[in-house]
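Below is one structure, written out as structure tokens; the observations come after it.
Below, read A as the first sequence line, B as the second, and so on, with proteins coming before strands; counting in each chain starts at 1. As the structure is a computational prediction, the values presented were derived from the model and not from experiment.
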There are 2 protein chains.
Amino acid sequence: MEYVNYIKDPEAIEKKSFEIIRSRIDARRFSDGELAVVQRVIHATADFDYEEILEFSPDAVEKGLAALKAGCGIVTDTRMAQAGINRRALEALGCRILCYVDDPEAVAIARERGITRSMAAMELASKDPKNLIFAIGNAPTALFKLAELIQEGKVRPSLVVGVPVGFVGAAESKETLFRLRVPSIITRGRKGGTTVAVSIVNALLYALVKEGPCGG
Amino acid sequence: MEYVNYIKDPEAIEKKSFEIIRSRIDARRFSDGELAVVQRVIHATADFDYEEILEFSPDAVEKGLAALKAGCGIVTDTRMAQAGINRRALEALGCRILCYVDDPEAVAIARERGITRSMAAMELASKDPKNLIFAIGNAPTALFKLAELIQEGKVRPSLVVGVPVGFVGAAESKETLFRLRVPSIITRGRKGGTTVAVSIVNALLYALVKEGPCGG
């Protein structure tokens, strides 16, 4: 049977995959750090649209790496995104990954004020000055709320990964963020998602901590 | 500022999103259950390719729903996928969601036999007869191993969601599974991923348990 011969070495699989991706994209358009992000997103989605729709503010990768090196808190909008970030890399850098969406305080705020839990979670997250990276792959309302908090001067992120997916509000939420000129990585249009948010953060982590793939 | 007017009602966002998706796909090609899956995958990826590349064995949805109703165990290949399945729906049905990839026994098996942890995790998972649904979005080696275990008669899943993403082995792993004629949902080609696996399982859960979206 042919499947007894499958490749069992995840590092070899990943290396070969990145070679294939690299051969199909125009690397000259990106800095080294940006290229690592673009490649990892395409690796996680097999969707070459991301070469076109990923957008970086000029200082995004640099500011994100500096915050990671300083051991910042990284806030996600979903438990699923939180679970996808590489644990060993986080530990090596002394970073924490936080998601406030199930926090009883967020649940109470959402109920009292008639806002989504994702929005309440952003309010809570912005109160801890160690939280310098925000990665939002699912909830446009979380990204709109974060943009509001930035505009009001209540939070000053080192990097916002703003890539919610969707047909209603997602594209607008990303454009709103990008216009604020905070360091940010977004996707233009409808595409994005938790996998995209996670692979962007992991690409930055792997630039600092050599780490094998976590699957195969 | 325009973003104070954003929609804050996740249910309204989801309803509108599904209307947009529904208007763009050819619903007649699918059964009601399949259509719910296709729509939720497109909702989670904003990628209409999934209308073409999602492939259902004739009994996949029916067998999957029956297993969920019976309170089966659902095995994922990653912690991230595990975290993405709707908890309240699982609890309502008495289902459990399991991931063996960090299990000390899986780690030991992988080290001793020189296989991936994803493969060792499938061996462990197949020992519990309550584990009737397998959802694999990341690791082709996990899906190849599962196909091997099925072929050897060591496990008889009610449903395999086999959608690993990738450039090396992913497509082959899915074709190998599909040829075994077990109830399965796959994606043809390179695309897929954890988000896709999660949204397929959640679509089946939501067919049985009315559940609002978990974000917005």
Please indicate whether [X] has more than 12 foreign heavy atoms, meaning atoms of other residues, nucleotides or ligands, lying under 6.0 Å from its [atom1].
X: B/Arg111; atom1: CZ; value: no
X: A/Arg96; atom1: CZ; value: no
X: B/Arg188; atom1: CZ; value: yes
X: A/Arg181; atom1: CZ; value: no
X: B/Asp26; atom1: CG; value: yes

Any idea which heavy atoms bring [X] and [Y] closest together, and the distance?
X: A/Met80; Y: B/Gly84; answer: SD-CA, 3.6 Å
X: B/Thr45; Y: A/Val165; answer: C-CG2, 3.6 Å
X: A/Ile42; Y: B/Phe167; answer: O-CE1, 3.7 Å

Open item on the list: My understanding is that only residues two or more places apart in sequence, or in another chain, count here; which of them pass salt bridge (charged side-chain N to carboxylate O under 4.0 Å, His left out) with A/Lys154?
Closed with: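 Per chain and number, A/Lys154 pairs via salt bridge (charged side-chain N to carboxylate O under 4.0 Å, His left out) with A/Glu152.
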- [ ] Apply salt bridge (charged side-chain N to carboxylate O under 4.0 Å, His left out) to A/Lys127 and list each qualifying residue two or more places apart in sequence or on a separate chain.
- [x]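 Testing A/Lys127 for salt bridge (charged side-chain N to carboxylate O under 4.0 Å, His left out), a comparison that skips the adjacent residues, returns none.
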TODO: Report the C-alpha distance between B/Thr194 and A/Thr195 in whole Å, list the side-chain angles of each, state the deciding distance to 0.1 Å, and finish with yes or no for side-chain hydrogen bond (donor to acceptor under 3.5 Å, both in side chains).
DONE: CA-CA 7 Å; B/Thr194 299; A/Thr195 295; 5.3 Å; no
Task: From CA spacing to verdict: side-chain contact (heavy atoms from CB on, under 4.5 Å), A/Lys15, B/Val168 - done: CA-CA 10 Å; A/Lys15 188 164 174 286; B/Val168 179; over 6 Å; no
Task: Which atoms of B/Arg87 approach chain A - backbone, side chain, both or neither, heavy atom under 4.5 Å - done: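 Answer is neither: B/Arg87 stays 4.5 Å or more from chain A.
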Task: Part of B/Val196 within contact of chain A (heavy atom distance under 4.5 Å) - done: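 Neither; nothing under 4.5 Å.
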Task: Neighbours of chain B found in residues 46-55 of chain A - heavy atoms under 4.5 Å - done: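 Checking residues 46-55 of chain A against chain B gives A/Ala46, A/Asp47, A/Phe48.
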TODO: Enumerate the residue pairs fulfilling ring pair (Phe, Tyr, Trp, His ring centres under 6.0 Å) with a member in residues 73-115 of chain B, sequence neighbours excluded, ordered by first and then second residue.
DONE: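 Non-adjacent pairs meeting ring pair (Phe, Tyr, Trp, His ring centres under 6.0 Å): zero.
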